[in-house]
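See below for the structure under consideration.
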Protein chains: 2
Amino acid sequence: MRIAQTGYAILGLLAIEPNQSGYEIRRTVRDSVGFFWGESYGQIYPTLKRLSADGLIAPTEVEGAGKKRTQRYSLTAAGYAELQQWLATPYREDPPRDEFLLKLFFGREAAPEISIAHINQYQERIRGLLAVLEDLERLGRLHGSGQPGMPFWMLTLSYGMGQLRAGLEWSESAMAVLTSQEAAQACSQPPAPFAPQG
Amino acid sequence: MRIAQTGYAILGLLAIEPNQSGYEIRRTVRDSVGFFWGESYGQIYPTLKRLSADGLIAPTEVEGAGKKRTQRYSLTAAGYAELQQWLATPYREDPPRDEFLLKLFFGREAAPEISIAHINQYQERIRGLLAVLEDLERLGRLHGSGQPGMPFWMLTLSYGMGQLRAGLEWSESAMAVLTSQEAAQACSQPPAPFAPQG
DNA sequence: ACACACATGTAATTGGTTACATGATTTC
DNA sequence: GAAATCATGTAACCAATTACATGTGTGT
């Protein structure tokens, strides 16, 4: 009966909106929490089976048949209890792994243009995400009254926006550094000595 | 000859400081890039073997023997080339998974105190990290002249600090929201209906 | 006719963590 | 004498991604 993160994500989404299929859950994830959470079909469908077998969710509605069939699920009381218990425990602080920062950290082993390209990639992604979050916020303000989860959703949104804006600001100063004399000089110095036998 | 992230992390660290053992590499990771990167022994030692077999690193120094023995490695020319090639490719944008935000997103399914506890946990972690980064920055300024990688290291540091400070600021406003009438009200409303068969 | 969204699922692979096992050396 | 750090390594496990397989319905 051990449940992984994906399981709790599904329980939570079904608590907000019951009677969803695997396909719909995945779309909901993408469109609402996509900027801080992701799920793939390869994870969702088996997890749905598992949660159902454990009695934490139950199939509610079936539409169509055979290859064209939509199976929807809802939370059971046990599933809701499980979700609440999970919510009540401290969140897991998993080890960070940021390849962007790692490449930047090693930046002096390459030409400055390489790091500049990474920052460009970063800025593009950030700007894209920021646009998405702004849309999300606007939509939330319009259609969101009556939705009891809204204050919490907005909290995650404002978190994301704060992080993104800070990242964008930093990236400007990073650009300044990378186009400076200092960076060019650092990159032009010879690398540390190698071992023989290449 | 396919190398994973851990491999590149090791190559990069050996490019900065040659002649390091697995143990030292792990310490270096923890103490210098620990706020955005982590490595475990279970990953480091097998990877060192592999990189060595592939000729990207080579054993340079051995100290002691038997159970007490330190095996150090350095980059080969091929390893440095591999590192540079990796640096020159766009960084991988892996799917985000932030359990903190997920729990906060589902916050209305629990009592407000639950979410407040999460924010407290968050603030504590952030403040701890911020202190670490400030130390790191101070140390860098003192002993860091002559280190050609310094500008890049400082870039990752300022990135981290920017993110942390933005997070801290956000957390204050989040606290205000969570202690408000609005939050209490949202949490007191009944959950969405369950399926039968619990 | 073609592409895209709908819809469910499996299999292979990966890249990692955690726990375990062992022992020497240093510090309090 | 206990605890922490130094030091290397293996085995079990895990949760996830990716690619594959299959087919329907809708819009252009």
Side-chain angles (χ1 to χ4, degrees), chain A residues 1-11 19-31 33-34 36-53 57 59-73 86 92-99 102, chain B residues 1-11 19-31 34 36-53 57 59-73 86 91-99 102:
Chain A
M1 238 254 250
R2 142 144 305 146
I3 305 172
Q5 286 181 321
T6 295
Y8 291 110
I10 290 176
L11 293 182
N19 205 40
Q20 286 190 88
S21 68
Y23 191 86
E24 289 165 341
I25 286 171
R26 194 257 184 172
R27 203 193 334 154
T28 307
V29 169
R30 202 222 304 132
D31 297 346
V33 295
F36 67 80
W37 199 265
E39 289 296 350
S40 62
Y41 292 132
Q43 196 71 358
I44 288 176
Y45 286 112
T47 302
L48 247 17
K49 290 268 160 90
R50 185 138 205 287
L51 293 175
S52 189
I57 65 177
T60 35
E61 204 179 274
V62 207
E63 204 183 292
K67 270 293 172 190
K68 192 222 163 188
R69 151 185 144 267
T70 306
Q71 176 66 70
R72 280 176 241 273
Y73 298 86
W86 176 71
R92 197 171 97 191
E93 291 168 12
D94 23 33
R97 286 212 139 193
D98 190 324
E99 191 173 294
L102 192 65
Chain B
M1 234 255 246
R2 139 143 310 147
I3 304 172
Q5 287 183 319
T6 295
Y8 291 109
I10 290 176
L11 292 182
N19 206 37
Q20 287 190 86
S21 68
Y23 192 85
E24 289 165 342
I25 286 171
R26 194 259 183 171
R27 204 195 328 148
T28 307
V29 169
R30 204 221 305 132
D31 298 344
F36 67 81
W37 199 265
E39 290 296 349
S40 61
Y41 292 132
Q43 197 71 357
I44 287 176
Y45 285 111
T47 301
L48 283 174
K49 289 269 160 88
R50 184 135 206 288
L51 293 174
S52 189
I57 66 177
T60 36
E61 206 178 272
V62 206
E63 206 184 291
K67 270 292 171 189
K68 192 223 164 187
R69 150 183 144 269
T70 305
Q71 176 65 69
R72 278 177 244 272
Y73 299 86
W86 175 71
Y91 69 88
R92 197 171 98 189
E93 291 168 12
D94 23 34
R97 286 213 141 193
D98 189 324
E99 191 173 295
L102 193 64

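Quantities reported herein were computed from a predicted structural model and do not represent experimental measurements. Chain identifiers are assigned alphabetically (A, B, ...) following the order of the sequence lines, protein sequences preceding nucleic acid strands; residue numbering begins at 1 within each chain.
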Spacing of [X] atom [atom1] relative to [N] atom [atom2], expressed in whole Å:
{"X": "B:Glu63", "N": "C:dG23", "atom1": "CD", "atom2": "C1'", "value": "16 Å"}
{"X": "B:Glu39", "N": "C:dG15", "atom1": "CD", "atom2": "P", "value": "12 Å"}
{"X": "A:Tyr8", "N": "D:dA15", "atom1": "OH", "atom2": "P", "value": "11 Å"}
{"X": "A:Leu48", "N": "D:dA15", "atom1": "CG", "atom2": "C1'", "value": "17 Å"}
{"X": "A:Arg92", "N": "D:dC14", "atom1": "CZ", "atom2": "C1'", "value": "10 Å"}
{"X": "B:Ile10", "N": "C:dG15", "atom1": "CD1", "atom2": "P", "value": "14 Å"}
{"X": "A:Ile44", "N": "D:dT17", "atom1": "CD1", "atom2": "P", "value": "9 Å"}
{"X": "A:Gln20", "N": "C:dC6", "atom1": "CD", "atom2": "P", "value": "13 Å"}

Return the nearest nucleotide to the side chain of [X]; candidates are [options].
{"X": "A:Tyr41", "options": "D:dG9, D:dA16, C:dG9", "result": "C:dG9"}
{"X": "A:Tyr23", "options": "D:dG9, C:dT8, D:dT5", "result": "C:dT8"}
{"X": "B:Ser40", "options": "D:dA15, C:dT25, C:dT17", "result": "C:dT17"}
{"X": "B:Arg97", "options": "C:dT8, D:dA16, C:dT18", "result": "D:dA16"}
{"X": "A:Arg69", "options": "C:dT18, C:dT22, C:dG9", "result": "C:dG9"}
{"X": "B:Lys67", "options": "C:dG23, D:dT17, D:dG9", "result": "C:dG23"}
{"X": "A:Glu24", "options": "C:dA7, C:dT25, C:dT22", "result": "C:dA7"}

Check your understanding: Does a side-chain heavy-atom distance below 4.5 Å link B:Val29 with B:Trp37?
Key -> yes
Review point. How about B:Trp86 and B:Tyr91: do any of their side-chain heavy atoms sit closer than 4.5 Å?
Key: no
Check your understanding: On DNA chain C, nearest-nucleotide positions of A:Gln43 versus A:Thr70: which is more 5'?
Key -> A:Thr70
Check your understanding: Reckon A:Gly22 touches a base, only the sugar-phosphate, or nothing at all at heavy-atom distances under 4.0 Å?
Key -> sugar-phosphate
Point to revise | Donor-acceptor contact present, side-chain B:Arg97 to main-chain A:Gly38, <3.5 Å | key: yes
Exercise for review: Establish, with yes or no, whether the OP1 or OP2 oxygen of C:dT8 is under 4.0 angstrom from a side-chain nitrogen or oxygen of A:Lys68.
Suggested key: no
Check your understanding: A:Ser21 side chain N/O closer than 4.0 Å to the phosphate oxygens (OP1, OP2) of C:dT8?
Key -> yes
Review point. When you check the side-chain N and O atoms of B:Ser21 and B:Arg26, is any donor under 3.5 Å from an acceptor?
Key: no
**Study point:** Along DNA chain D (nearest heavy atom to each residue), the more 5'-positioned of B:Pro95 and B:Gly42
**Key:** B:Gly42
Check your understanding: Do A:Glu24 and A:Arg72 meet the salt-bridge criterion of a basic N to acidic O distance under 4.0 Å?
Key -> yes
